[in-house]
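Just below is one structure, and these are the notes that go with it.
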Amino acid sequence: MNKVRVRYAPSPTGLLHIGNARSALFNYLYARHFGGDFIVRIEDTDVSRNVSGGEDSQLNYLRWLGLEWDESPETGGDYGPYRQLERLDLYRKYAELLLDKGLAYKDFREDSKDYAIRFKVPQDVEYVFNDIVRGELRFQSKDVEDWIIMKDNGIPTYNFAVVIDDHLMEISHVLRGEEHITNTPKQLMIYQAFGWESPIFGHMTIIVNEEKKKLSKRDQNVIQFISEYEQIGYLPEAMFNFITLLGWSPKGNQEILSKEEIIEQFDPSRLSKAPAMFDKEKLAYVNSKYIKKLTVEELAQKSRLFLEIAGIEIQSQSWLELLVGILQDRMTHIGEIVGLYQSFFHHDFNLSEEGFQFLVENQSLSLLKSFHKHLANSDFSSETIEGLIKQTGLDTNTKGKPLFMGLRIATTGDMHGPSLPISLALLGRDIVLNRLEKTMTKLRGES
Ligand code: GLU
């Protein structure tokens, strides 16, 4: 078997979209699983649609996702150039060969010496290929009109350039989106015209939204550009993992897989024929799993900027680590730290009816008085507070739920929540003492 060589061939027309990222990823996985080469080629022949910075943005976000490549415009390689606009001479040469062989003809513009070159579609030929995803597909030449391979400005069309490049770059497999299926017969015509062997094709199914409609870039309900996910604090490892599951599934039912595990398990025969559903909740779930795996130091480092941008003062590194540590389990993306911070510190202190009844039934007033006294003289570190909770229990002869839940309700208003000593240390002296006083007043009113 020839060496596996696959490519991702973006047009630099905008930001890296989730669908393109998936094409890149599956080609990358194919290369890495089979020990082949992964190539990035820039298809910039649709000049009017190119945007400046488009190429960099594609490459930067692929890198962010954890992909690396063997050949590209910036890394170079033995098969360059890797930008189509730098290969115009090649396309011209091959187009002329087809003209010479009588397999293509000049199509002059009215009253002009400018001409496009059209491919002469053979009559009554059936084009058959065995698609990795969809199995055998057949197309009839009679359904295709003679088509332009070179425009009159000397720029090739996609279906022509792609074949010249894939052949010269010795591409063995082409994995791309389903929208290219109908382009494949045109491409096969060119392979046949030159007597070249075609690569093996695999067309990945469309990605649909939760209403089962094809995901469109205009769909406001779904974030679709990789940069946007980065901006709100999705982790690249989680995105890599999630995108892999858009149209592919591993053998077992383990869904949280590292890049290495995915490369090892990647099996193109498990590419799905059914549309891949873009399930936002699943993405959030996968990301939350990866956030949970971070150390508090890592999470603190990733959270810092979000808090700073929101104008939240970071009191100290240890304060930040305490904060992210107790909120870590609740985050689906790191940008949520701001909202979580706000609800943690600024939610109005509300004793629920149930919480208040708990305090009444357990006659908690003396417990709270004792705790207040201890706290008022403490340094308010979480370690000290932990000791003071125990001390308060001893002093007032209270244990278990009446002690722990009682103090939690009186200071946070909630029956359950993250570690109480850490929560109180973070809330700080003024807020905590004030809340305790309010609760005591309310209890006194009751007795
Ligand atoms: N430039 C094409 C695109 O962006 C590449 C298609 C292909 O992989 O052949 O869709």
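Numbering of ligands and ligand atoms starts at 1, following listing order.
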Seminar exercise, completed: for atom 10 (O) of ligand 1, nearest protein heavy atom and its distance come out as His180 NE2, 2.8 Å
Exercise. According to the side chain to side chain donor-acceptor pair (under 3.5 Å) rule, which pairs have a member within residues 125-134, sequence neighbours left out?
Worked result: Glu126-Arg138, Glu126-Gln140, Asp131-His203, Arg134-Glu178
For this session: For Arg176, take its heavy atoms, then give the atoms of ligand 1 lying under 4.0 Å from any of them.
Result: 7 (C), 8 (O), 9 (O)
For this session: Assess whether salt bridge (Lys or Arg N to Asp or Glu O under 4.0 Å) is satisfied between Asp267 and Lys251, documenting all intermediate values.
Result: CA-CA 9 Å; Asp267 172 358; Lys251 233 189 198 135; 5.4 Å; no
Exercise. Quick one: nearest non-hydrogen protein atom to atom 1 (N) of ligand 1, plus distance?
Worked result: Glu43 OE1, 2.6 Å
Problem set entry | Pair Tyr94 + Trp196: ring centers closer than 6.0 Å | yes
Problem set entry | Pair listing, salt bridge (Lys or Arg N to Asp or Glu O under 4.0 Å) test, anchored in residues 268-283, at least two apart | Glu255-Lys282
For this session: Please determine if Pro10 has a nitrogen or oxygen closer than 3.5 Å to a nitrogen or oxygen of ligand 1.
Result: no
Problem set entry | Proximal ligand 1 atoms for Ser11, defined as those under 4.0 Å from one of its heavy atoms | 1 (N), 4 (O)
For this session: Establish, yes or no, whether the cationic atom of Arg5 lies under 6.0 Å from the six-membered ring centre of Tyr79 and within 45° of the ring axis.
Result: yes
Seminar exercise, completed: heavy-atom search around atom 7 (C) of ligand 1 in the protein gives Tyr158 OH, 3.3 Å
For this session: Assess whether salt bridge (Lys or Arg N to Asp or Glu O under 4.0 Å) is satisfied between Glu298 and Lys302, documenting all intermediate values.
Result: CA-CA 6 Å; Glu298 287 166 335; Lys302 291 179 192 298; over 6 Å; no
For this session: Give me the ring orientation class for His333 and Tyr234: parallel if the planes are under 30° apart, tilted from 30 to 60°, perpendicular past 60°.
Result: parallel
Exercise. Is Glu179 in contact with ligand 1, taking contact as a heavy-atom separation below 4.0 Å?
Worked result: no
Problem set entry | atom 8 (O) of ligand 1: the protein heavy-atom neighbour that sits closest, reported with distance to 0.1 Å | Arg7 NH1, 2.6 Å
Problem set entry | Subset of ligand 1 atoms that lie under 4.0 Å from at least one heavy atom of Val162 | 9 (O)
